[in-house]
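What follows is one structure encoded as structure tokens, with my remarks underneath.
Treat the numbers as computed from the prediction; the structure is a model and nothing was measured. Labels below follow one simple rule: chain letters A, B, ... track the order of the sequence lines, proteins then strands, and each chain is numbered from 1.
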Amino acid sequence: MAPKRTKTNKNPSPEPNGMFSGMVVFLVENGVQSLRLQIWKQKLIQMGATIETRLSKKITHVFAMNSNALLQQMDREQLQRFKGRVLLFQWLEDSLRLGEKVLEDSYYVGVDSEGKGDPVKSPVKESADGNTSGSDEPSPQKKMRSSLEGLVDGADKQNNAVKNSPDSPSSSDSLPFALSSTIMSPRTPRTPSQNSSLPYCPPDLNRNITEIFGKLINIYRAMGDDRRSFSYYKAITVIEKLPYKIESADQVKDLPGIGKSMQDHIQEIVTTGKLSKLEHFETDEKVRAISLFGEVWGIGPATALKLYEKGYRTLDDLKNDDSLTYAQKLGLKYFHDIRTRIPRNEVQEMEQLMQKAGEEILPGVVIICGGSYRRGKASCGDLDVVITHPDGKSHKGFLPRFVNHLKNMKFLREDLVFSIHSEEGTDSGVDTYFGLCTYPGRELRHRIDFKVYPRDIHAFGLIAWTGNDVLNRRLRLLAESKGYRLDDTGLYLATQASGGKRGAKASASLKFDTEKEVFDFLGFPWLEPHERNL
DNA sequence: CAGTAG
DNA sequence: GGGCCTTACTG
DNA sequence: GCCC
């Protein structure tokens, strides 16, 4: 694809006939994730639109995340005078997805003419680094009816014919086929409202690239080059969000996390379909062995390398080596078991089993299975169990008894790591256990982790061990920006001592009873566990 | 202390 | 050119 | 690997 363009231009080439040609737009950047903003700008220009950095008469369209963001940048008076259209960015998103301009009617940004009461339901929403994009419950339109009366009357007129459209499901429900007939995409996108209420997930149009990068992540990690590995990880998250298929390195050269090397790699992949660098790795005996060994629980890059240098090449070879630790031997013995994913319903049963067992030892104990299970995934790689007790103290000493009980039940089968903190002086002590368990009546081993938290900070453990990692990182960054430090054991005021060295933990964590209180405190829009698959 | 996991 | 993630257990 |  992406035939090398002649000398033309290197930047996104504006197509005179692009679907946005003729549009002169002004973007309200408040509340827009910078990455998406970049993408939008690029596509707008590429598809023929002109972007103005300040408001003027020439502007035909203004885009904003929501009315609040809009009002942060334009006052009502300006809006009254403005004769163009004021649309939600969602319109851009949907138009790009469909490959043609969608009807603007249900994308108008409404602003109460009075000045009070914002049309947009939840004031926060589309928070700072949004991206949760569509996931917000209040769908764009219904909240703006009645509110878009006064404003933008110019635009209002042209579409008042369809005035009822937003609320009447007509467009999508009454005549679904009439609508879909003009639309090619397999899953009829339906009404924008429904669209935006879906968890924004562009089909992996660039799977050809992310798949290869994914392999590089594992290879570099196996070699101990976590930094580089992480770079590919970040690049993937960026590329995955693109609403279009990359056909040339030019299209990604300005994206965050994409530097010279990534561009070159992407260029090679889109032109040849593969990456010679990866091919080379995959045929390299050393890389293959180290990658394989590194997948054994307890074996990291250093050990994997040693084993390779000892001449081992297969997992079978390793069985003859007694330099392995007990845990590593277990990881090897149950290599395939541990890699086998666990069906959701089985995790659910095991969670109930554990809750019952816990109750027998300590009435009132709260046992929650977190991880991908709590995020609603259909299958899980392991069990992450977060435990606490409402009385704030009897969680101490619970874990050893719990583990013993579960061993007697033959639910827990082997130990990997066992560490106790709650008993000792150090409060905020979280007891931890790593081991292997089996589904009742079966021998297949699963990895299981227990973390026992004091009540006051257990919300942090729940958040951290529910994930996903993207959310955790985002929360941590948000906390940081507000002068705090967040981890799985609490939220601490960031002392300057923390900067230089640790010990910042001198102060105790803030205490919260629920996850939501933590989200609220940080000013992050609440996400149900199943909404945390960012 | 290095190595490892989460 | 240097940072990019923290904490704690095992051996 | 990327970014400052």
Side-chain angles (χ1 to χ4, degrees), chain A residues 34-35 212-214 216-239 252-266 275 277-278 281 293-307 322-331 338 370-372 381-386 415-422 424 426 428-436 447-451 460-461 463-470 472-477 479-480 485-490 492 494 498-499 501-505:
Chain A
S34 69
L35 169 56
I212 289 176
F213 281 12
L216 288 176
I217 288 179
N218 294 327
I219 289 172
Y220 281 121
R221 184 163 40 204
M223 298 192 306
D225 194 343
D226 282 351
R227 316 290 188 183
R228 192 165 312 217
S229 174
F230 192 54
S231 285
Y232 282 96
Y233 171 84
K234 283 186 291 190
I236 284 186
T237 66
V238 167
I239 294 170
V252 296
K253 71 175 164 74
D254 289 326
L255 297 181
I258 309 288
K260 182 67 172 66
S261 292
M262 296 291 183
Q263 288 173 48
D264 291 346
H265 292 161
I266 288 172
L275 188 62
K277 177 180 197 143
L278 175 62
F281 276 146
F293 299 163
E295 290 178 43
V296 176
W297 196 92
I299 295 182
T303 307
L305 179 58
K306 277 181 197 164
L307 295 169
D322 24 321
S323 71
L324 296 183
T325 67
Y326 173 69
Q328 287 167 337
K329 285 174 186 163
L330 283 178
I338 292 174
S372 55
D382 62 2
L383 282 69
D384 279 312
V385 186
V386 176
D415 305 332
L416 294 171
V417 177
F418 205 153
S419 72
I420 299 297
H421 268 93
S422 69
E424 342 251 293
T426 58
S428 104
V430 178
D431 293 343
T432 303
Y433 172 89
F434 297 157
L436 301 179
R447 277 277 298 104
I448 186 167
D449 298 348
F450 293 130
K451 290 99 179 175
F460 297 106
I463 290 174
W465 299 111
T466 295
N468 63 8
D469 57 342
V470 175
N472 285 344
R473 200 173 308 123
R474 223 172 262 176
L475 288 174
R476 201 185 69 220
L477 258 28
E480 217 165 86
R485 192 175 62 78
L486 174 72
D487 65 22
D488 69 304
T489 68
Y492 307 86
S498 71
K501 44 199 327 179
R502 48 70 157 340
K505 217 163 168 179

Quiz item: Pairs in or reaching into residues 217-227 of chain A: which pass salt bridge (charged side-chain N to carboxylate O under 4.0 Å, His left out), with residues at least two apart or in two chains?
Solution: Asp225(A)-Arg228(A)
Self-check item: Over all atoms of both residues, closest heavy-atom pair of Asp382(A) and Arg447(A)
Solution: CB-O, 3.3 Å
Quiz item: At their closest point, which heavy atom of Gly467(A) faces which heavy atom of Asn472(A), and how far apart are they?
Solution: CA-ND2, 3.8 Å
Quiz prompt | Phe230(A) CZ to dC5(C) P, straight-line distance once rounded to whole Å | solution = 6 Å
Self-check item: Along DNA chain C (nearest heavy atom to each residue), the more 5'-positioned of Thr325(A) and Arg476(A)
Solution: Arg476(A)
Quiz item: Taking the six-membered ring for Trp, are Tyr220(A) and Phe281(A) ring centroids under 6.0 Å apart?
Solution: yes
Quiz item: What's the CG-P distance between Leu475(A) and dC5(C), to the nearest Å?
Solution: 15 Å
Quiz item: Which of residues 220-228 of chain A have a heavy atom under 4.0 Å from DNA chain B?
Solution: none
Practice problem: Might you point out which heavy atoms bring Gly381(A) and Ser372(A) nearest each other, and give the distance in Å? | Solution: N-OG, 4.4 Å
Quiz item: How close do Gln328(A) and Val296(A) get, heavy atom to heavy atom, and via which atoms?
Solution: O-CG1, 3.8 Å
Practice problem: For dT4(B) versus dC5(C), give the span between their C1' atoms, rounded off to a whole number of Å. | Solution: 15 Å
Exercise. Might you work through the salt bridge (Lys or Arg N to Asp or Glu O under 4.0 Å) test for Lys451(A) and Asp384(A), ending with a clear yes or no?
Key: CA-CA 8 Å; Lys451(A) 290 99 179 175; Asp384(A) 279 312; 3.0 Å; yes
Quiz item: Between Leu486(A) (CG) and dT7(C) (P), how many Å, whole number?
Solution: 13 Å
Practice problem: Please list, chain by chain and in numerical order, all residues satisfying ring pair (Phe, Tyr, Trp, His ring centres under 6.0 Å) with Phe293(A), sequence neighbours excluded. | Solution: none
Quiz item: Quick one: Phe418(A) CZ to dG11(C) P, roughly how many Å, whole number?
Solution: 15 Å
Distances for protein N/O vs nucleotides 3-6 of chain B N/O pairs under 3.5 angstrom?
unit_1	atom_1	unit_2	atom_2	d
dG3(B)	O3'	Thr303(A)	OG1	3.3
dT4(B)	OP1	Gly300(A)	N	2.6
dT4(B)	OP1	Gly300(A)	O	3.1
dT4(B)	OP1	Thr303(A)	N	3.0
dT4(B)	OP1	Thr303(A)	OG1	2.4
dT4(B)	OP2	Pro301(A)	N	3.3
dT4(B)	OP2	Ala302(A)	N	3.0
dT4(B)	O5'	Gly300(A)	N	3.1
dA5(B)	OP1	Gly298(A)	N	2.9
dA5(B)	O3'	Trp297(A)	NE1	3.3
dG6(B)	OP1	Trp297(A)	NE1	3.2
dG6(B)	OP1	Arg447(A)	NH2	2.5

Quiz item: Can you tell me how far P of dG11(C) sits from CG of Leu416(A), to the nearest Å?
Solution: 11 Å
Exercise. List in chain and number order the residues that pass ring pair (Phe, Tyr, Trp, His ring centres under 6.0 Å) with Phe418(A), two or more places apart in sequence or in another chain; answer none if no residue qualifies.
Key: Tyr433(A)
Scan nucleotides 2-4 of chain D against the protein and return all N/O pairs shorter than 3.5 Å with their distances rounded to 0.1 Å.
unit_1	atom_1	unit_2	atom_2	d
dC2(D)	OP1	Gly259(A)	N	2.7
dC2(D)	OP1	Gly259(A)	O	3.3
dC2(D)	OP1	Lys260(A)	N	3.4
dC2(D)	OP1	Ser261(A)	N	3.4
dC2(D)	OP1	Met262(A)	N	3.2
dC3(D)	OP1	Gly257(A)	N	2.7

Quiz item: Nearest heavy-atom pair of Trp465(A) and Val386(A): which atoms, and what distance?
Solution: CB-CG2, 3.9 Å
Quiz item: If you look at every heavy atom in Ala235(A) and Gly257(A), which pair is closest and at what distance?
Solution: CB-O, 4.2 Å
